[in-house]
Visitor: 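Okay, handing you the structure first.
Atoms within each ligand, like the ligands themselves, are counted from 1 in listed order.
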Amino acid sequence: MARVFVITGPSGVGKGTLIRLLREQVPELALSVSATTRRPRTGETHGEDYWFLTDEEFEQRVAEGDFVEWAEYSGRRYGTLRSELERCLARGVPVVLEIEVQGARQVRETMPDAVQVFIAPPSPDVLRQRLIGRGTDSAEDVARRLETAERELAAHDEFDHEVVNDRLEDAAAQLARIVRESLGGTLAGA
Ligand code: 5GP
């Protein structure tokens, strides 16, 4: 039985890095590529990092019911395409969604069996430093993301599991443990 894993938490907390490490440890995991209306950052590829859509394209796909969940975040829209999820589940492989908190709440309603993991920073200050330090977003965007992060951090106890991303290797190991335990004997060869 394939399973859905939702990895959520504030921007800058290290969800992407943790998921990369998780997939090295549990290679069967597929990653659902989200759609977004934000512009690609340097080095990001259409269809790999995101499906980059125009506002009109996104709107149309919302109207057509193509999203499992979607949310507005920092003035842009982000969503999980049903086709992405179904492509992974049809192969019988467990799938990871990396999404913000509003989307995670929607998935909790529509897919109550999905395993939800909240990634937390060791402190709000550390999150601030990481968001500023990674240098991928404008100062205005960083400010907006930090404001949103306050609300997101307050939601941490809504989730099945919480992993504090202090030492990266420890957090990655904890995440892999949660995933392996949830998959139980369903992994190939297990
Ligand atoms: P970023 O612009 O930094 O790539 O992403 C901003 C936020 O949107 C992050 O918290 C990221 O996890 C979240 N996000 C990425 N894809 C999706 C999605 O498909 N749905 C939702 N709800 N959030 C997403």
Visitor: Could you identify the single nearest non-hydrogen protein atom to atom 20 (N) of ligand 1 and state the distance to 0.1 Å?
Guide: E69 OE2, 2.7 Å

Visitor: I'd like to know if Q102 contacts ligand 1, where contact means a heavy-atom distance under 4.0 Å to any ligand atom.
Guide: no

Visitor: Given side chains that start at C-beta, do those of N165 and R130 come closer than 4.5 Å, heavy atoms only?
Guide: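 Contact flag for N165/R130 side chains = yes.
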
Visitor: Regarding atom 16 (N) of ligand 1: of the candidates G16, S34, G9, which has the closest heavy atom?
Guide: S34

Visitor: Taking only heavy atoms of G103, which atoms of ligand 1 are found under 4.0 Å from at least one of them?
Guide: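 The atoms of ligand 1 under 4.0 Å from a heavy atom of G103 are 22 (N).
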
Visitor: Looking at ligand 1, is there an atom of it that comes within less than 4.0 Å of some heavy atom belonging to R134?
Guide: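 A heavy atom of R134 does come that close to ligand 1.
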
Visitor: For ligand 1, indicate whether the residue Y78 contacts it via side chain, backbone, both or neither (heavy-atom separation under 4.0 Å).
Guide: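 For Y78, backbone and side-chain atoms both sit under 4.0 Å from ligand 1.
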
Visitor: Does the plane of the ring in Y73 sit parallel, tilted or perpendicular to the ring in Y78? Use 30° and 60° as the thresholds.
Guide: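 Perpendicular, since the angle between the ring planes exceeds 60°.
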
Visitor: Which atoms of ligand 1 have any heavy atom of K15 under 4.0 Å away?
Guide: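 Listed by number with element, the hits are 9 (C), 10 (O), 12 (O).
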
Visitor: Would you please determine whether R76 falls within less than 4.0 Å of ligand 1 on a heavy-atom basis?
Guide: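 No heavy atom of R76 comes that close to ligand 1.
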
Visitor: By number and element, which atoms of ligand 1 are closer than 4.0 Å to a non-hydrogen atom of T80?
Guide: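 Within the 4.0 Å cut-off of T80, ligand 1 contributes 19 (O).
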
Visitor: Check the side chains of T136 and R134 for a donor-acceptor pair under 3.5 angstrom, ignoring hydrogens and angles.
Guide: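 R134 vs T136: donor-acceptor pair found between side chains.
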
Visitor: Under a 4.5 Å cut-off applied to non-hydrogen side-chain atoms, are L131 and L146 in contact?
Guide: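 Of all side-chain heavy-atom pairs linking L146 with L131, at least one is under 4.5 Å.
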
Visitor: So, are E147 and R144 salt-bridged, with charged N and O less than 4.0 Å apart?
Guide: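 R144 and E147: not salt-bridged.
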
Visitor: Check ligand 1 against G79 and write out every atom of the ligand that is under 4.0 Å from a heavy-atom position of the residue.
Guide: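 Once the distances to G79 are compared, the set is 18 (C), 19 (O), 20 (N).
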
Visitor: Whether the E56 and Q60 side chains hold a donor-acceptor pair (N or O, under 3.5 Å, no angle test) is what I'd like checked.
Guide: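 No, Q60 and E56 have no side-chain donor paired with an acceptor closer than 3.5 Å.
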
Visitor: Would you kindly say whether R145 and S11 are connected by a side-chain donor-acceptor distance under 3.5 Å?
Guide: yes

Visitor: What protein heavy atom sits nearest atom 23 (N) of ligand 1, and how far off is it?
Guide: E100 N, 3.1 Å

Visitor: Less than 3.5 Å between some nitrogen or oxygen of W70 and one of ligand 1, yes or no?
Guide: no

Visitor: Any idea which part of R41 is under 4.0 Å from ligand 1, heavy-atom wise: side chain, backbone, both or neither?
Guide: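 For R41, only side-chain atoms sit under 4.0 Å from ligand 1.
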
Visitor: Classify the ring geometry between W51 and H46 as parallel (under 30°), tilted (30 to 60°) or perpendicular (over 60°).
Guide: perpendicular

Visitor: Considering non-hydrogen atoms of the protein only, which is the closest contact for atom 12 (O) of ligand 1, and what is the distance?
Guide: E98 OE2, 2.7 Å

Visitor: Could you check if a side-chain atom of E28 sits within less than 4.5 angstrom of a side-chain atom of R23, using non-hydrogen atoms only?
Guide: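 A side-chain contact under 4.5 Å is absent here.
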
Visitor: If you measure every N/O of P10 against every N/O of ligand 1, is any gap under 3.5 Å?
Guide: no

Visitor: Among all protein heavy atoms in this structure, tell me which lies nearest to atom 15 (C) of ligand 1, with the distance rounded to 0.1 Å.
Guide: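 Going by distance alone, atom 15 (C) of ligand 1 is nearest to Y50 OH, 3.2 Å.
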
